[in-house]
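We use all heavy atoms of the structure for the numbers below, so side chains are in, but hydrogens, waters and symmetry mates are not. Here the structure is a predicted model, which means the values were calculated and not measured. Just so we're on the same page: letters track the sequence lines, and every chain starts at 1.
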There are 2 protein chains.
Amino acid sequence: MPVNSFEDYPMSWKPDKKQLVPPLYRSVASLLEYDILNGFLAPNTKLPPQRELADYLDINLSTVTRAFKICEVKGLIYAVTGRGTFVTPNIKNAIFMADSDENKNYIEMGIIKPLDSINSFVAQAIKSIAAKDYLENLLDYRHPLGMPYHRMAAKKWMQRFNMDVPIENIAITSGGQNSFSLILMALFHPGDKIAVDMYTYPNFIELAKILNIQLIPIEGDELGMKPERLDAVCRTNSLQGIYLSPSCNNPTAVTMNMNRRKEIAEVINKYGLILIEDDVYSFLAPNGYFPISHFVPEKFVYILSIAKSLSSGIRVAFIAYANQFVEKITYGIFNLNVKTSALNAEIITELINTGAAEQIIKKKREVSQERNRVYQKYFQFEHPSENPISFFRWLPLHKEWQLNQFEHVALTRGIHVYHSHRFLVKKDETPQFIRISLTSPKDSDELEKGLCILKRFLLES
Amino acid sequence: MPVNSFEDYPMSWKPDKKQLVPPLYRSVASLLEYDILNGFLAPNTKLPPQRELADYLDINLSTVTRAFKICEVKGLIYAVTGRGTFVTPNIKNAIFMADSDENKNYIEMGIIKPLDSINSFVAQAIKSIAAKDYLENLLDYRHPLGMPYHRMAAKKWMQRFNMDVPIENIAITSGGQNSFSLILMALFHPGDKIAVDMYTYPNFIELAKILNIQLIPIEGDELGMKPERLDAVCRTNSLQGIYLSPSCNNPTAVTMNMNRRKEIAEVINKYGLILIEDDVYSFLAPNGYFPISHFVPEKFVYILSIAKSLSSGIRVAFIAYANQFVEKITYGIFNLNVKTSALNAEIITELINTGAAEQIIKKKREVSQERNRVYQKYFQFEHPSENPISFFRWLPLHKEWQLNQFEHVALTRGIHVYHSHRFLVKKDETPQFIRISLTSPKDSDELEKGLCILKRFLLES
DNA sequence: ACATTTGTTGGTCTACATTTC
DNA sequence: CGAAATGTAGACCAACAAATG
């Protein structure tokens, strides 16, 4: 029996008690789902406390908890102990190129284009491969992890960035994002927890969400993630992995120095975490740096996408991994993709073996350096461990904004940029930033025009 | 307090009660996991009944249930109501090409090779594309779902098989398996249930296992899955989807006739299931057949891989889907792969638009027909709805075998074939079969040699 | 600083479904 | 065929933990 009458009590959601059929918790969940999906409950609505609902419906508290859990897993609501349960605002923060981006009337400084236009080597490589007589060898089912010759090229390219592993521990995948999918599926389970930087690559965040893997943001300082914070979190939570991009963290542009890498590696080893090291920006890092994976020999997965460095459209990445993951990753590749097209791997192999790859990254570093020089005419670097030739910059925002509001107003001014909330696992009101892509404008002039608009906009607002 | 003393009671697993720390259920689960992973509990060991363990450990029955559930989700054990709980034998049934398959001393009739060797058109297409001046347009980040021109080709190719949808409902993916991953990730949740044929494509089974999606096998007859059985299962269970391959079911080679397709579609619509239609063998089906998707316009996903029909190594598939899935699938592609290489899509587009694709499948149908003629010299078709030009055949086995035992003995005789247990969701002792690939032997002579060995082997054993 | 609000977690009980004998 | 064995599912309660004011 309900203790009180709720007739004139203002509850934000009043499910019809008569509609409840066993199993109760599922019944409640589907009523809630229905009301959210049909717009009867607006985004951000605070739902009644679980106890109150339980009382109103004359069922047990934990029955309501379970019902809410179902909706939370589906992403319909989110709950905060002590504060309450809320309807999720339907925002997708992941960053991808839309199809309709062709004839835009703004300057692109949001997504990070990889300076593909300065690069005619790839088309050249395709032509030279097409002329070869072993073409048909590239067109069958064999070598799901990559042909030995391609894995040799991958090894060589990794060595270029101070990562040295035998080809038995290397596989070819269909790009960086595909590698993340593979690793999260093959080495983790739903419900597992992975440590990430406070500000993290949004596409990794969204992927983890889809796979029900929980990300735990760890505070950092100017040098990146703080080892003592990581240690503290590991001590009280059971984490399974950690995702890092130490060459040039996206979005903060921080390059982690060798000392910090070693400290972080120590904590990783101490708690037996699986390290997922994303080294897509390795070609922008100082030459002598070793990957963190180097110091975590038992539990690393190292991902070297070539999307930013060599070619974005070919969809190839190289991954290297510790011995104990060989079987699971092999099986994961079978199950996720079967294999990556050997033709695509051959193209990248050609670039690496002819030395074209080296020329491409040399040129990209030069152009990016030039773009950063332009940036410094308008804004300054914040601290010395920011990567000086990063493709993007991270600028503190001094006024408080809503994500959508800020990005929208910027667009009406003629520039596309991203607000820091896209990069947060939990959208809190920490200090705000914007990420500015320097490589997406057509040329330095367009970049300068964009930065000029931005500077004026920030001064006015 | 335990009711009995278990000192001299023969329990197959006796965890140390003193090692239990709260939370109890997790503690029990990790003790069990430890003992399985370290070999103290052999595969197929029957664990003590949950009640007995609970009594022995002096904890509640459902605490043990929960502990076992954790291990079951991890795939360490499996439970059957009424029979007991058992340690999972560590068998991977998925079928993939191993790297070491080059110089084998047996005739390959296990995996299904797609007659790639009769096909030099693909290399030709690559050469012609390499010569084109728009090559660089294929090499960037744009058009994550596929360039409009490529989706037009996909539409055209689908129309060839009586599937007609606008290009807004079509996307290019990185092959059939990649499409399954995409669909299971984007449209389903862990714990969801999907109906499948009693005998199902093993790589779909393994993928579902990784993603914690439960497959429910439905009985069939000579025409494929029985509509009344599907209806009965849907009435008592809440299913979310169904996976079918009606053009030529793998492994049974059954082609579903139009009448059965409509009956199945009716049940699918009645219960609002999501249809996953795998039409990789459409090019082997009679010309006038409509896909089941045609009759499920609100809830279909139709997958047209070109791995068997046009080229296995290029890693491209076309998918078409109902309007309501457009957003989720688009977002899923972003998160899983970002995009599929436009170069690869261009190659297939070229094949389709030049008419080479049509020639390839014509030739493959002829060769497959010839191979089936050879097969009929040794064995007969079982019933009229088996696809007469299937790349593989499904042969009843009259003696009872263990999967590994049978395949191993066949190998020592010089032939590689697959036992029906690989295709079962639950390995029961139903009537047994073997799947024989007709297209993997080099030529008809080698096939004949293989069939000869097989026939002798089956007669002797 | 502490009591209050609110969500989370673990353990228990009971009814039920499936398989076996 | 029906009783016994065995696993499953739903609901409830109590202790706990995090946020709030």
Next on the checklist: Rounded to whole Å, please give me the gap between CG in A/L57 and P in D/dA11.
Outcome noted: 12 Å
Item to check | Candidates D/dT20, D/dA18, C/dG10 - which lies nearest the side chain of A/T81 | outcome: D/dA18
Checklist outcome for this item: Of A/L24 and A/V80, the one whose closest nucleotide on DNA chain D sits nearer the 5' end is A/L24
Checklist entry - Taking atom C1' of C/dT19 as reference, at what distance in whole Å does atom CZ of B/R51 sit? => result 13 Å
Next on the checklist: Would you say that more than 12 heavy atoms from the other residues, nucleotides or ligands in this model lie under 6.0 Å from the OH of A/Y78, or not?
Outcome noted: yes
Item to check | Nearest to side-chain heavy atoms of B/L61, which nucleotide of C/dG7, D/dT8, D/dT6 | outcome: D/dT8
Item to check | B/T85 side-chain proximity, nearest of C/dT12, D/dG7, C/dG7 | outcome: D/dG7
Checklist entry - Donor-acceptor pair under 3.5 Å: do we get one between A/R66's side chain and the base of D/dA11? => result yes
Checklist entry - Between atom CD1 in A/I70 and atom C1' in C/dT8, what is the gap in whole Å? => result 16 Å
Checklist entry - Rounded to the Å, how far apart are A/E52 CD and C/dT5 C1'? => result 11 Å
Checklist entry - For the pair made of CG in A/L47 and P in C/dT6, what is the distance, rounded to whole Å? => result 12 Å
Checklist entry - Do the side-chain N or O atoms of B/R83 get closer than 4.0 angstrom to the phosphate oxygens (OP1, OP2) of C/dT18? => result no
Checklist entry - Separation of A/I59 atom CD1 from D/dC12 atom P, in whole Å? => result 7 Å
Item to check | B/K328 atom NZ: more than 12 heavy-atom contacts under 6.0 Å | outcome: no
Checklist entry - How would you label the contact of A/S62 with the nucleic acid (heavy atoms, under 4.0 Å): base, sugar-phosphate, or nothing? => result base
Next on the checklist: Under 4.0 Å, counting only non-hydrogen atoms across every strand here, what does B/Y25 touch: a base, just sugar-phosphate, or nothing?
Outcome noted: sugar-phosphate
Checklist entry - Separation of A/L20 atom CG from D/dG10 atom C1', in whole Å? => result 14 Å
Item to check | Residue matched to D/dG10 through Watson-Crick or wobble contacts both under 3.5 angstrom | outcome: C/dC13
Checklist outcome for this item: From the list B/W394, B/Y201, B/Y199, B/F204, ring pair (Phe, Tyr, Trp, His ring centres under 6.0 Å) partner of B/F423 resolves to B/W394
Item to check | Euclidean distance, atom CG of residue B/D55 to atom P of D/dG7 [Å, nearest integer] | outcome: 14 Å
Next on the checklist: Looking at B/E33, I'd like to know if its CD atom is crowded, meaning that more than 12 non-hydrogen atoms belonging to other residues, nucleotides or ligands lie closer than 6.0 Å.
Outcome noted: yes
Checklist outcome for this item: Closest of D/dT20, C/dG11, D/dT8 to the B/K69 side chain is D/dT8
Item to check | Any B/N60 side-chain nitrogen or oxygen under 4.0 Å from OP1 or OP2 of C/dG11 | outcome: no
Item to check | Shortest non-hydrogen separation from B/L41 to B/S12 and the atoms involved | outcome: CD2-O, 3.7 Å
Checklist outcome for this item: Taking C/dT9, C/dG7, C/dG11 as options, the one with an atom nearest any side-chain atom of B/T63 is C/dG11
Checklist entry - Relative to the 5' end of DNA chain D, which residue comes earlier, B/G82 or A/V21, by the nucleotide with the nearest heavy atom? => result B/G82
Checklist entry - A/D192 versus A/L187: any side-chain heavy-atom pair under 4.5 Å? => result no
Next on the checklist: Starting the side chain at C-beta, find the nucleotide from D/dG7, C/dT8, D/dG10 nearest to B/Q50.
Outcome noted: D/dG7
Item to check | Proximal nucleotide (of D/dT6, D/dA11, D/dA15) relative to the B/P49 side chain | outcome: D/dT6
